[in-house]
Amino acid sequence: MLKEYRTIKEVAGPLMLVDQVEGVKYNELVEIEMGDGEQRRGRVLEVNGNVALLQLFEGSQGLNINESKVRFLGHGLELPVSMDILGRVFDGLGRPKDGGPRIIPEARMDINGNPINPAARDYPSEFIQTGISAIDGLNTLVRGQKLPVFSGSGLPHARLAAQIARQAKVLGGESEFAVVFAAVGITFEEADYFISDFKKTGAIDRAVLFMNLANDPAIERIATPRMALTAAEYLAYEKGMQVLVIMTDLTNYADALREISAARKEVPGRRGYPGYLYTDLATLYERAGRIRDRKGSITQIPILSMPEDDKTHPIPDLTGYITEGQIILSRELYRKGILPPIDVLPSLSRLKDKGIGKNKTREDHADTMNQLFAAYARGKEAKELAVILGEGALSETDRLFAKFADEFEKRYVSQGENEDRSIIETLSIGWELLSILPKAELKRIRDEYIEKYLPKVNSPEGDA
């Protein structure tokens, strides 16, 4: 029998102080029963002696502290899981949002998860094909990696997220692939876009969606990514699936964290965010990975919008320290009509070398990737020089590099929203573009690959 308390001392916004409590734990789930029988939920934020500070999920509006009673449930927030979660849409607290039945659970998992023993981690090394050339060819995603997308306000990161969710697959893998999609603090229109896109393309059959809307409580925003990661851990480590977790927009998550921190009157850190923002983000990102002797894996693509396009803002800055690289979206490319507007030069995948090459993508992948980077960088320099000195000041070779840079953006980076390119197609486009340049300038590619692949530009054949 759960013990009830009628010792509510104070309520301020979403916070409630309960006196004379016993045996209460941090993060424990709480039920508040109001005088009219309505029930609200919350969780324990802090315990000091016999006083507990609670955060209410639904807020405190209309709550009479003299008529209400509090029950501590003895456990934290849990997600009921079974294979039936695939193909379903849930809210930020794991309740069905698609009109379907409640999940009959095979297990109930604490949403805070269990830390992975570092010694049990396996090194990420297998290529994941997203079907997007700028990622697959140049900033390759590897199974078990955390690769965030840094976007700006108004840039099409939602469409990029939906495209990756639709197209991503592990090549040559025998195990099943699933996508767990967490939308944090998004508008109703965006939620409708994601749900209808998943249903229309059939991607929903292998996906689990968690939708937290902008008008939902801040505390739900804190729970949503953890709900998604818990579902991913069940599918990956209990059912042996390869799981891709896409979370958008983590800036809304960090803002909710700041809101709760301010309500608790904590000392603010950079730009008002709590001093533990780094640690908190790490508890999310570090749930990605592979575990030895387990078939499944969790790969993460967190998406966050940079306020004022500022890479030094605390959220992208701290994220960059924890994750293995970043994909950066460019406002300049977006204005040119290049979609997706991925700026390949400042983007980076620190594990790309581990997921490419013979028997993974193709033997020439690493060389062509390095050559494309170098040629695009030189082409952009040549274009900047032409703006200052005029095109007449450019050498013939510089003009070819400038032409290469334009073609690279139009044909390699830019691709249709529903265009799913295989890695062989991506490599072939790269070779076609490199044929613009004189052979003598292809200094980063081995001669045998030039002989083997450059004359056969239009052929998708090659050694796997």
Handout entry: Lys439 vs Glu451, salt bridge (charged side-chain N to carboxylate O under 4.0 Å, His left out): CA-CA, chis, key distance, verdict
Key = CA-CA 10 Å; Lys439 257 193 198 184; Glu451 290 308 312; 3.7 Å; yes

### Query
side-chain contact (heavy atoms from CB on, under 4.5 Å) between Ile128 and Thr299: does it pass, once the steps are laid out?
CA-CA 9 Å; Ile128 289 182; Thr299 308; 3.5 Å; yes

CG (Leu427) and OG1 (Thr368) are apart, to the nearest 0.5 Å, by 5.0 Å

When every non-hydrogen atom of Glu419 is compared with those of Gln415, the smallest separation belongs to O-NE2, 2.9 Å

### Thr230 side chain to Ile111 backbone, donor-acceptor under 3.5 Å
yes

Between Leu77 and Leu93 the two heavy atoms that sit nearest each other are CD1-CD2, 4.0 Å

Does Ile429 offer a backbone N or O that forms a donor-acceptor pair with the side chain of Glu432 under 3.5 Å? no

query: Do other residues, nucleotides or ligands put more than 12 heavy atoms under 6.0 Å from the CG atom of Asp447?
result: no

Rounded to the nearest 0.5 angstrom, the CD-CE distance for Glu106 and Met109 is 10.5 Å

Around atom NZ of Lys336, are there more than 12 heavy atoms of other residues, nucleotides or ligands at under 6.0 Å?
yes

Under 6.0 Å between ring centres: does that hold for Phe198 and Phe181?
yes

With a 3.5 Å distance limit and no angle check, can you tell me whether Asp91 reaches the backbone of Arg95 through a side-chain donor-acceptor pair? yes

Please walk me through it: do Phe150 and Ser347 pass side-chain contact (heavy atoms from CB on, under 4.5 Å)?
CA-CA 9 Å; Phe150 292 176; Ser347 296; over 6 Å; no

>> Assess whether a salt bridge exists between Arg294 and Asp122, defined as any Lys/Arg side-chain N lying under 4.0 Å from an Asp/Glu carboxylate O.
In response: no

Say whether, by atom type as modelled, one donor and one acceptor occur between the side chain of Arg221 and the main chain of Leu213 under 3.5 angstrom. yes

Discussion item. Is a donor from one side chain sitting under 3.5 angstrom from an acceptor on the other, for Glu441 and Thr397?
Written reply: no

Residues Thr251 and Pro307: closest non-hydrogen pair is CG2-CG, 4.4 Å

key: Distance-only polar pair, side chains of Arg421 and Thr426, donor-acceptor under 3.5 Å   = no

request  = May I ask you to check whether Ser330 and Arg335 show a side-chain donor-acceptor distance below 3.5 Å?
outcome  = no

Would Glu381 and Tyr376 count as having a side-chain donor-acceptor pair, cut-off 3.5 Å?
no

Do Asp406 side-chain atoms and Lys403 backbone N/O form a donor-acceptor pair below 3.5 Å? no

query: Is there a donor-acceptor pair closer than 3.5 Å between any side-chain N or O of Gln300 and the backbone N or O of Leu284?
result: yes

| task | For the residue pair Gln167 and Thr130, confirm or rule out a side-chain donor-acceptor distance under 3.5 Å. | result | no

So OH of Tyr234 and CD1 of Ile85: to nearest 0.5 Å the spacing works out to 7.0 Å

So NE2 of His157 and OG of Ser151: to nearest 0.5 Å the spacing works out to 4.5 Å

Please step through side-chain contact (heavy atoms from CB on, under 4.5 Å) for the pair Val184 and Thr248, ending with a clear verdict.
CA-CA 6 Å; Val184 183; Thr248 180; over 6 Å; no

(message) Quick check against the 3.5 Å criterion: does Glu190 have a side-chain atom that pairs as donor or acceptor with the backbone of Thr187?
(response) yes

**Donor-acceptor pair between Tyr412 and Glu407 side chains, under 3.5 angstrom** = no

### Query
Is it true that Arg41 and Glu58 make a salt bridge, defined as a side-chain N closer than 4.0 Å to a carboxylate O?
no

Polar side-chain atom of Asp136 near backbone of Gln129 as donor-acceptor pair, under 3.5 Å:
no

Going by distance alone, is a donor N or O of one side chain under 3.5 Å from an acceptor N or O of the other, for Gln242 and Ser297? yes

For the pair Arg121 and Asp293, evaluate salt bridge (charged side-chain N to carboxylate O under 4.0 Å, His left out) and give the outcome as yes or no after the intermediate values.
CA-CA 10 Å; Arg121 283 186 181 271; Asp293 306 323; over 6 Å; no

**Chi angles and distances behind the salt bridge (charged side-chain N to carboxylate O under 4.0 Å, His left out) call for Arg206, Glu176** = CA-CA 9 Å; Arg206 57 163 193 168; Glu176 294 176 88; over 6 Å; no

Tell me whether Arg271 is salt-bridged to Asp310, with the criterion being a basic N under 4.0 Å from an acidic carboxylate O.
yes

Check: Donor-acceptor pair, Ser133 side chain versus Val413 backbone, under 3.5 Å?
Finding: no

Using the rule given for side-chain contact (heavy atoms from CB on, under 4.5 Å), can you reason through Ile195 versus Leu209, listing the C-alpha separation, both sets of side-chain angles and the distance that settles it, and then say yes or no?
CA-CA 8 Å; Ile195 292 168; Leu209 277 65; 4.1 Å; yes

Query raised in the report: Taking NZ, NE, NH1 and NH2 as the nitrogens, is one of them in Glu396 or Arg399 under 4.0 Å from a carboxylate oxygen of the other?
Result: yes

Next on the checklist: Ignoring hydrogens and geometry beyond distance, is a side-chain donor-acceptor pair present between Arg290 and Tyr237 at under 3.5 Å?
Outcome noted: no

inquiry  = Can you confirm whether Leu277 sits close enough to Leu318 that some side-chain heavy atom of one is under 4.5 Å from a side-chain heavy atom of the other?
reply    = yes

**Message:** Check this for me: does any side-chain nitrogen of one of Arg446 and Glu363 sit under 4.0 Å from a carboxylate oxygen of the other?
**Reply:** no

*Just wondering, more than 12 heavy atoms not from Asn117 lying within 6.0 Å of its CG?*
yes

- Message: Tell me whether Arg258 forms a cation-pi arrangement with Tyr273, defined as NZ or CZ under 6.0 Å from the six-membered ring centre and within 45 degrees of its axis.
- Response: yes

- [ ] Determine, stepwise, if the pair Asp317 / Arg270 fulfils salt bridge (charged side-chain N to carboxylate O under 4.0 Å, His left out).
- [x] CA-CA 11 Å; Asp317 187 33; Arg270 283 167 64 192; 3.2 Å; yes

Between Ile219 and Leu56, the two heavy atoms sitting closest are CG2-O, 3.9 Å

Fill in: Ion pair check, Lys239 and Glu233, cut-off under 4.0 Å
no

Quick one: does NZ or CZ of Arg159 land under 6.0 Å from the six-membered ring centre of Tyr193, within 45 degrees of the ring axis? yes

Please check if the number of heavy atoms outside Phe188 that lie under 6.0 Å from its CZ is greater than 12.
no

Scanning both residues in full, the closest heavy-atom pair of Thr361 with Gly355 reads CG2-O, 3.9 Å

message: Check Lys360 with Glu126, please: is the shortest side-chain N to carboxylate O separation under 4.0 Å?
response: no

*May I ask you to check whether Asp249 and Ser305 show a side-chain donor-acceptor distance below 3.5 Å?*
yes

- Pair Asp367 + Arg444: basic N to acidic O under 4.0 Å: no

For Lys146, is there an ion pair with Glu286 - N to carboxylate O distance below 4.0 angstrom? yes

Report task. Spell out, as yes or no, whether a donor-acceptor pair under 3.5 Å connects the side chain of His365 to the backbone of Gly137. Result -> yes

**Asked** Would you call Asp98 and Arg88 a salt bridge, taking side-chain N to carboxylate O under 4.0 Å as the test?
**Response** yes

Minimal heavy-atom distance between Gly325 and Arg350, with the atoms involved, is N-NH1, 3.0 Å

Item to check | More than 12 heavy atoms from other groups under 6.0 Å of CZ on Arg102 | outcome: no

